[in-house]
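For reference, the structure discussed in these notes is given below.
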Amino acid sequence: MKQNNIRFNPDHSSSIKNQIKGSEALLEALIHEGVNTVFGYPGGQAIPIYDSLYDYKDKLNHILVRHEQGATHAAQGYARVSGKVGVTLVTSGPGISNTITGIADAMMDSTPIVVIAGQVPAALLGTDAFQEIDVIGITQPITKWAYQIRSAADIPWAIARAFYIAASGRPGPVVLDVTKNAQIGTVDYQPIAINHIRSYIPVPDTEPESLETAAALINNAQKPFALVGQGVILGNAEKELADFLRKADIPAASTMLGLSALSSGEPLNVGMLGMHGNLAPNLKTNECDVLIAIGMRFDDRVTGDLNKYAEQAKIIHFDIDPSEINKNIKADIAVLGDVKETLVEVTSLLKENKHTEWKNEFKTLWEKELQIVINKELYPESGPLKMGEIVNKISEATGHKAVLVTDVGQNQMMGVRYFKYNQTRSVVTSGGLGTMGFGLPAAIGAKFGAPERTICLFAGDGGLQMTIQELGTIMQSNIDIKIILLNNNFLGMVRQWQELFHAERYSETVMKNPDFIQIAAAYYIPGRSVETREELDKAIKEMLETKGPYLLETKVIRKGMVYPMMPAGGAVTNILLGNE
C-alpha cells in the first residue's frame with residue numbers, strides 16, 4: 001500500500017560545492033527536506049551550526065525562542081496546522097534537556113518533529129565534559145528514533161532518515177544528537193532521499209477479509225456509531241471519512257485531537273467524546289450495536305472504566321499502528337493500514353442506508369445538554385463573564401475560520417467544547433501529556449505553519465505564566481497571534497476536582513497574579529482587560545482588527561465549572577451535568 005509520508009524534493013544541489021562542513025551539510029539537508037522555518041536557541045556546542053546559519057538567512061527562517069521547551073512546542077504547533085515536520089535546533093546539556101517535555105508531548109500526540117541538538121566532541125563523550133548528557137539514553141523512550149551523529153559523513157543520511165521516520169506511518173518525534181567534531185568536519189555532500197528502511201514498516205498490510213467483515217457488520221447495524229480520532233487528520237483522510245459516514249448514515253463523534261476532521265456544521269457530527277465531551281456521544285457509546293473507531297487509541301479520558309465500556313457493541317478498529325489494536329479495548333475486527341485507503345475500500349462495500357431514529361436519539365440528548373449546560377454557559381443573563389461565552393463570541397467573530405490553540409485546564413476544555421471549525425487542522429492542543437505552558441509557544445508555531453489564518457490562543461492564568469517568556473519571541477518576530485487570557489485567579493481544573501471530590505479544600509490552587517496587561521506592554525504587545533459583558537464585544541473587535549499580536553485579558557467567574565464531566569475511572573454513562 002502507498003505509504004503515508006511527507007516528502008519534499010526541491011533541487012538546491014546545483015549551487016552546492018560538494019566538499020562542505022558538516023554544519024553546512026546539515027542546513028542543506030534541511031532545505032532539501034523542504035524546511036523553511038526552524039525554532040531554536042543557540043549555545044556552545046551548536047555554535048558551528050549557528051555560524052553556518054548566518055549564511056542561510058535567505059533560505060531558512062530561524063525563530064529565536066526564549067526557552068528550549070518553547071522551541072519544541074512551537075515546532076509542534078507548526079506541524080499540527082501545516083502537516084509538515086516541525087524542526088527545533090538547540091545546544092547540548094540543558095539545551096536538549098529543556099526540550100524533553102515537548103518531545104514527550106509530541107510522542108503522545110503523534111506529532112512529527114525533528115529535534116537537532118549540539119553535543120560535545122566525540123573524543124570527550126563519556127568524560128562528563130561541560131554540558132554533556134546522554135541524549136540518546138534520555139530521549140529514546142519518548143521518540144520514534146534517536147541517533148547520535150559522530151561524523152560529518154553521516155549528516156545527510158541521518159537527516160533524510162530522521163524526516164522519513166518522523167513523518168511516515170504514525171508520525172512522531174525524532175532526535176539527532178550532533179557532536180561538535182561532526183559539525184566542523186567536512187563531507188562530500190550529496191542530497192539523499194529515503195523512502196524505505198529495512199525492518200521499519202510504517203504502514204502495515206491490510207487484510208482483505210477485514211474490509212469485507214467490517215463492511216458486513218456496518219451494513220447490518222441498527223445503531224452504528226463512529227469515533228473519529230486524530231489519525232484521520234494525520235492521514236489526510238477527511239474527505240474519505242465524510243464519504244464513509246454519509247453513505248451509511250452513521251453519526252460520528254470526535255476525540256479532542258480529532259476535532260476539525262469533521263466540520264462543526266456536518267449533520268452527522270454529534271460532538272466530542274470524553275471526560276468533558278458532549279452528553280449524547282458518551283451515553284450512546286454504551287447503546288450502539290457497532291462501534292467504529294477510526295484513527296483513535298481508546299484513551300482513558302474517552303473510555304472511562306474499561307470494564308463498563310461499550311460491552312454491548314461489536315467493535316471495528318481502523319488504525320495504522322498495530323500496537324494500538326487490543327491495547328485497551330478488544331476489537332472484533334481490526335482494519336490495519338492507511339485510513340485514507342482503508343476507508344475508501346470499506347465505503348465501496350457499504351450499502352446506502354438511513355438511521356433516522358438512531359440519529360434522533362442523539363438530538364434528544366443534545367437538547368437536554370443544551371438546556372442544562374450549554375445555554376447557561378454561552379448566554380448567561382447576569383453575573384461574571386464565563387469562559388464558554390467568551391470562546392463562543394470569538395469563534396463567531398472569526399467566522400469559525402480561525403485556528404484554535406489552547407493551553408491545558410479549564411481553558412482547554414471550554415475552548416474545544418465551544419469553538420467551531422469549518423476546515424481541518426484547526427485545533428492545536430496538548431492531548432495525551434496535558435502540558436501546561438504548551439499554548440503560547442504552540443500558537444507561535446501555528447502562525448508560521450498557517451500564516452494566512454487567524455490564530456486564537458486561549459490560556460489560563462496558570463498555564464500562561466509557565467511559558468510567558470515567549471512573549472519575547474512574539475515581540476522579536478512580530479508574530480500576529482491573538483492571546484485570550486481566561487483569568488480566574490485559580491488553577492481552575494485542579495480547583496474543580498478539589499471542589500467536587502475533596503470537600504473544597506483548595507490546596508495550593510489560588511493564584512496571586514501580576515498585571516498581565518503591563519507585562520504585555522513591556523514586550524510592546526497591546527492589550528486590554530475586561531470584566532463586564534458590556535465591554536466584551538468591543539474588546540473582541542479591537543483585538544481582531546489590531547495588526548500584530550494582542551493580549552485580551554478576560555476576568556471570568558472565579559469558581560466556574562466545566563460540565564458535563566465524567567469522573568475519572570467512572571463509566572462513560574456516569575456523567576455529571578452540574579445543577580440540573
Side-chain angles (χ1 to χ4, degrees), residues 22-23 26-27 29-30 35 38-53 62-76 78-79 85-108 111-152 154-155 158-159 161-163 165-166 172-184 433 435 437-438 441-442 445 466-467 469-470 473:
S23 55
L26 188 151
L27 300 179
L30 291 179
V35 175
V38 176
F39 305 93
Y41 202 97
Q45 302 301 341
I47 287 178
I49 300 173
Y50 274 90
D51 182 65
S52 294
L53 185 63
H62 181 277
I63 306 304
L64 179 62
V65 298
R66 295 304 186 264
H67 189 281
E68 292 89 353
Q69 179 182 346
T72 50
H73 292 327
Q76 288 178 272
Y78 176 91
V85 177
V87 179
T88 295
L89 176 60
V90 298
T91 191
S92 62
I96 182 63
S97 65
N98 281 343
T99 69
I100 298 303
T101 296
I103 295 168
D105 194 287
M107 189 67 176
M108 290 284 280
T111 305
I113 64 172
V114 172
V115 177
I116 301 168
Q119 179 57 282
V120 302
L124 294 180
L125 290 171
T127 68
D128 289 332
F130 179 65
Q131 292 190 333
E132 178 199 359
I133 60 170
D134 182 1
V135 173
I136 307 306
I138 291 171
T139 62
Q140 205 161 38
I142 53 171
T143 55
K144 286 187 73 178
W145 186 51
Y147 182 75
Q148 187 173 75
I149 302 173
R150 299 187 181 189
S151 167
D154 288 341
I155 287 175
I159 293 288
R161 185 180 172 103
F163 274 75
I165 292 173
V174 169
V175 167
L176 295 177
D177 189 37
V178 190
T179 61
K180 199 164 191 177
N181 59 286
Q183 299 171 42
I184 63 179
L433 202 63
T435 303
F438 173 88
M466 284 198 170
T467 51
Q469 72 278 348
E470 298 308 329
T473 306

Let me confirm one number: the [atom1]-[atom2] distance from [X] to [Y], rounded to the nearest 0.5 Å.
| X | Y | atom1 | atom2 | answer |
| --- | --- | --- | --- | --- |
| Leu30 | Phe163 | CG | CZ | 5.0 Å |
| Ile103 | Lys144 | CD1 | NZ | 15.0 Å |
| Glu68 | Thr101 | CD | OG1 | 12.0 Å |
| Thr99 | Ile96 | OG1 | CD1 | 3.5 Å |
| Thr139 | Trp145 | OG1 | CH2 | 11.5 Å |
| Ser23 | Ile155 | OG | CD1 | 7.5 Å |

Looking at side-chain heavy atoms only, is the closest gap between [X] and [Y] below 4.5 Å?
| X | Y | value |
| --- | --- | --- |
| Leu64 | Pro42 | yes |
| Tyr41 | His67 | no |
| Val115 | Leu176 | no |
| Val178 | Lys180 | no |
| Val114 | Pro173 | no |
| Leu125 | Thr179 | yes |
| Val38 | Thr88 | no |

Short side-chain donor-acceptor distance under 3.5 Å, Glu470 and Thr473: yes
Test item: side-chain donor near acceptor, Asp177 and Gln119, under 3.5 Å: yes
Stepwise side chain to side chain contact (heavy atoms under 4.5 Å, CB included) test for Ile100 and Gln69: CA-CA 7 Å; Ile100 298 303; Gln69 179 182 346; over 6 Å; no
Evaluation steps, side chain to side chain contact (heavy atoms under 4.5 Å, CB included), between Gln183 and Leu26: CA-CA 8 Å; Gln183 299 171 42; Leu26 188 151; 5.9 Å; no
Phe39-His62 aromatic ring centre distance below 6.0 Å: no
Has the side chain of [X] got a donor or acceptor atom that lies under 3.5 Å from a matching backbone atom of [Y]?
| X | Y | value |
| --- | --- | --- |
| Tyr78 | His73 | no |
| Asn181 | Ala123 | no |
| Glu132 | Ser92 | no |
| Asn98 | Pro94 | yes |

Residues Asp105, Met107; criterion side chain to side chain contact (heavy atoms under 4.5 Å, CB included); working and verdict: CA-CA 5 Å; Asp105 194 287; Met107 189 67 176; over 6 Å; no
What pair of heavy atoms forms the shortest contact from [X] to [Y], and how long is it?
| X | Y | value |
| --- | --- | --- |
| Ile113 | Ala106 | CD1-CB, 3.8 Å |
| Ile184 | Pro48 | CG2-CG, 3.7 Å |
| Thr111 | Ala79 | CG2-CB, 3.8 Å |
| Ala129 | Val120 | CB-CG1, 4.1 Å |

CA sep, side-chain torsions, deciding dist, call: Phe438, Gln76, side chain to side chain contact (heavy atoms under 4.5 Å, CB included): CA-CA 9 Å; Phe438 173 88; Gln76 288 178 272; 3.7 Å; yes
Residue from Ile149, Ile159, Val174, Val175 passing side-chain contact (heavy atoms from CB on, under 4.5 Å) with Ile116: Ile159
Partner set under side chain to side chain donor-acceptor pair (under 3.5 Å) for Thr91, not counting sequence neighbours: none
Partners passing side chain to side chain donor-acceptor pair (under 3.5 Å) against Tyr147 (at least two apart in sequence or in another chain): none
